[in-house]
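The structure presented is a predicted model; accordingly, all values stated were derived computationally and were not measured.
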Amino acid sequence: LLVTPTDNDTVVVSLSSGVVHDKNGIGNAPAQFTITFDSLLPHIALSPDPLPATTASPFIVYANFTVAVVNFSASNVSAQNGTVSGLTENAPNNGTNFAFTVTPTQAGTVTVSIPGGVTQSTAKNKNVPSNVIYTNFVPQ
């Protein structure tokens, strides 16, 4: 028996009693199998987008996922010409909203993104890449 889910939800397969018989003609007891199908990939939006054109100091970036993720960490964030620190989970604290600080390393463009496949949903579906945000660091 092949069952193909049509939506991301609970799939229930039921077998009524007496549908299948053994060689002695004894029918089966009713049976039911339940599983949750989840193929949703976590999509990420980084904000603010766009960042201010220039900055002279560290800045905060927000990462909002479409579905809850597990094991998301600062090391999952790609920051060119900057370092990532202080990752925190934000309300509603369900694995979808995070904030972190980006500290520019030297004068020039600072680019921030989250590559695809670095974190996953509770159903083990890998994330898709985030949008890319950038600013120009002009130290004072």
Could you list the donor-acceptor pairs under 3.5 angstrom formed by side chains in residues 108-119, with sequence neighbours left out?
from: Thr119; atom 1: OG1; to: Val70; atom 2: O; distance (Å): 2.9

Donor-acceptor pairs are to be reported for all side-chain atoms of residues 84-96 against protein atoms at under 3.5 Å, with residues two or more places apart or in another chain.
from: Glu89; atom 1: OE2; to: Asn94; atom 2: N; distance (Å): 3.1
from: Glu89; atom 1: OE2; to: Gly95; atom 2: N; distance (Å): 2.6
from: Asn94; atom 1: OD1; to: Thr96; atom 2: N; distance (Å): 3.3
from: Asn94; atom 1: OD1; to: Thr96; atom 2: OG1; distance (Å): 2.5

Residues that Ser17 engages under side-chain contact (heavy atoms from CB on, under 4.5 Å), provided they are two or more places apart: Pro30
Ser121 side chain vs Pro42 backbone, donor-acceptor pair below 3.5 Å: no
Non-hydrogen atoms of Asn28 and Val19 that approach each other most closely: OD1-N, 2.9 Å
Asn24 backbone acceptor or donor facing Asp22 side chain under 3.5 Å: yes
Matching residue for Leu51 among Asn136, Leu46, Ile133 - test: side chain to side chain contact (heavy atoms under 4.5 Å, CB included): Ile133
Contact summary for Val128 and His43, nearest pair of heavy atoms: CG2-CD2, 3.3 Å
With sequence neighbours excluded, residues passing side-chain contact (heavy atoms from CB on, under 4.5 Å) with Ser75: Ser73
More than 12 heavy atoms from other groups under 6.0 Å of CG on Leu15: yes
Qualifying side chain to side chain donor-acceptor pair (under 3.5 Å) pairs, either residue in residues 98-107, two or more places apart: none
Side chain to side chain donor-acceptor pair (under 3.5 Å) pairs, two or more places apart, involving residues 44-72: Asp49-Asn131
Approximate separation, where rounding is to 0.5 Å, of Ile44 CD1 and Phe72 CZ: 6.5 Å
